[in-house]
Participant: 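For reference, the structure I am asking about is given below.
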Amino acid sequence: MSLSEQIMSDMKEAMKSRDKIKLNTVRMIKSALMNEKIKVGHDLTPDEELTVLNREKKQREESIEDFTKAKREDLAEDTKKELAVVESYMPKQLSKEELEDLVTEAIKEAGATSKSEFGKVMKVLMPKIKGKADGKVASDAVRNHLN
């Protein structure tokens, strides 16, 4: 089942169960995917869909952080529920050990030996972890390995 088919199915399910948060979140995802499709001018590839989902995920993570700073726990809780819905459409996240293995492999593949070759390693690593790990966590891991 494609992502758009899954979203339509989940939207119907959320309507039937009267789950407002899931329904609104699924509608936002669907809207973001449609906007991206219009922007690029063709049906989205799975890679492009993943990019949109990552953007939605990051937005919610930032919102949770902002709401928590503003002591608005009610809004933070709702946004955490939205984040869970967004994450349900994303691939399983890599464990710390799996990420470390991929970082080591990318360093060998790039032939990197110093910090100055950080960019080369990231260029090799990012396509392998797209959607499966946060870029910030990955860059921290690469920096630690190159020290």
Participant: Provide the closest heavy-atom pair for R27 versus M11 in the form atom of the first, atom of the second, distance.
Facilitator: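 Shortest heavy-atom contact: CG-SD, 3.8 Å.
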Participant: Salt bridge between E13 and K16, side-chain N to carboxylate O under 4.0 Å?
Facilitator: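 No salt bridge links E13 with K16.
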Participant: Nearest 0.5 Å, please: how far is CD in E36 from NE2 in H42?
Facilitator: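 It is 8.5 Å, given to the nearest 0.5 Å.
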Participant: Nearest 0.5 Å, what's the CD-OG1 distance between E100 and T104?
Facilitator: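 Answer rounded to 0.5 Å: 6.5 Å.
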Participant: So how far is it from E49 CD to D43 CG, rounded to the nearest 0.5 Å?
Facilitator: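 So the gap between those two atoms works out to 9.0 Å.
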Participant: Counting C-beta onward and ignoring hydrogens, is there a side-chain heavy-atom pair between K57 and M90 closer than 4.5 Å?
Facilitator: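 Contact flag for K57/M90 side chains = yes.
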Participant: Mark yes when over 12 heavy atoms from residues, nucleotides or ligands other than M15 sit less than 6.0 Å from its CE; otherwise mark no.
Facilitator: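 Result for CE/M15: enclosed.
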Participant: Of all the heavy-atom pairs spanning V52 and A32, show the shortest one and how long it is.
Facilitator: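 Heavy-atom minimum between the residues: CG1-CB, 3.7 Å.
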Participant: Can you name the residues that form a side chain to side chain donor-acceptor pair (under 3.5 Å) with D74, not counting sequence neighbours?
Facilitator: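 Listed in chain order: R72.
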Participant: I'd like to check L3 versus L53 (side-chain heavy atoms, cut-off strictly below 4.5 Å). Are they in contact?
Facilitator: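 Yes. Closest side-chain heavy atoms under 4.5 Å.
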Participant: Are L33 and M28 grouped together when hydrophobic residues (ILVMFWY) are joined by side-chain heavy atoms under 4.5 angstrom apart?
Facilitator: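 No, L33 does not connect to M28 through the hydrophobic network.
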Participant: Would you find more than 12 non-hydrogen atoms of other residues, nucleotides or ligands less than 6.0 Å from K30 atom NZ?
Facilitator: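 Not more than 12 within 6.0 Å, no.
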Participant: Please determine whether salt bridge (Lys or Arg N to Asp or Glu O under 4.0 Å) holds for the pair K58 and E62, giving the CA-CA distance in whole Å, both sets of side-chain angles, and the decisive distance to 0.1 Å.
Facilitator: CA-CA 6 Å; K58 192 166 276 300; E62 290 170 358; 5.7 Å; no
Participant: Do E73 and F67 have side chains that approach each other closer than 4.5 Å (heavy atoms only, starting at C-beta)?
Facilitator: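 No; the side chains remain at least 4.5 Å from each other.
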Participant: Determine, step by step, whether E105 and K108 satisfy the salt bridge (Lys or Arg N to Asp or Glu O under 4.0 Å) criterion, reporting the C-alpha distance in whole Å, the side-chain angles of both residues, the deciding distance to 0.1 Å, and the verdict.
Facilitator: CA-CA 5 Å; E105 184 182 308; K108 286 178 186 168; over 6 Å; no
Participant: If you look at every heavy atom in M122 and P127, which pair is closest and at what distance?
Facilitator: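 The answer is O-CD, 4.4 Å.
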Participant: Check each of V86, T79, L83, D66 against E61 using the side-chain contact (heavy atoms from CB on, under 4.5 Å) test, and report the only one that passes.
Facilitator: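 Result: among V86, T79, L83, D66, L83 is the only option passing the side-chain contact (heavy atoms from CB on, under 4.5 Å) with E61.
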Participant: Is K22 salt-bridged to E82, cutoff N-O under 4.0 Å?
Facilitator: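 No, no charged N to carboxylate O under 4.0 Å.
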Participant: Same hydrophobic cluster for I21 and L75, using side-chain heavy-atom links shorter than 4.5 Å among ILVMFWY?
Facilitator: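 No, I21 and L75 fall in different hydrophobic clusters.
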Participant: If the threshold is 4.0 Å, N to carboxylate O, is there a salt bridge linking E48 and K37?
Facilitator: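 Between K37 and E48 there is no salt bridge, as every charged N stays at least 4.0 Å from the carboxylate O atoms.
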Participant: When clusters are formed by joining ILVMFWY residues with side-chain heavy atoms under 4.5 Å apart, either directly or through shared neighbours, do V142 and V137 land in the same one?
Facilitator: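 V142 clusters together with V137.
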Participant: When you group the ILVMFWY residues by side-chain heavy-atom contacts below 4.5 Å and let the links chain together, are M126 and V103 in the same group?
Facilitator: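 Yes; M126 is reachable from V103 via cluster members.
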Participant: Taking atom CD1 of I29 and atom CE of M34, what is their separation to the nearest 0.5 Å?
Facilitator: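 Reported value, rounded in 0.5 Å steps: 14.5 Å.
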Participant: V124 and L99: same hydrophobic cluster, using ILVMFWY side-chain contacts below 4.5 Å?
Facilitator: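 No, no single cluster joins them.
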Participant: What heavy-atom pair brings A106 and L125 nearest, and what distance separates the two atoms?
Facilitator: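 Scanning both residues, the minimum pair turns out to be CB-CB, 3.9 Å.
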Participant: In the structure I gave you, are the side-chain heavy atoms of K92 and E98 within less than 4.5 Å of one another anywhere?
Facilitator: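 Answer yes - side chains close enough.
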Participant: What is the distance from atom OG of S63 to atom NZ of K80, rounded to the nearest 0.5 Å?
Facilitator: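 Interatomic distance, S63 OG to K80 NZ, rounded to 0.5 Å: 12.5 Å.
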Participant: Would you give the length of the straight line joining atom NZ of K81 to atom CG of D19, rounded to the nearest 0.5 angstrom?
Facilitator: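 CG of D19 is found 9.0 Å from NZ of K81.
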Participant: Please step through salt bridge (Lys or Arg N to Asp or Glu O under 4.0 Å) for the pair K128 and E109, ending with a clear verdict.
Facilitator: CA-CA 12 Å; K128 294 178 181 181; E109 198 173 313; 2.7 Å; yes
Participant: How far apart are the closest heavy atoms of L44 and V40, and which atoms are they?
Facilitator: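 Taking every non-hydrogen atom into account, CD2-CG2, 3.7 Å.
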Participant: For the residue pair R60 and R55, establish whether any side-chain heavy-atom pair is separated by less than 4.5 Å.
Facilitator: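 SC-SC contact between R60 and R55 ruled out.
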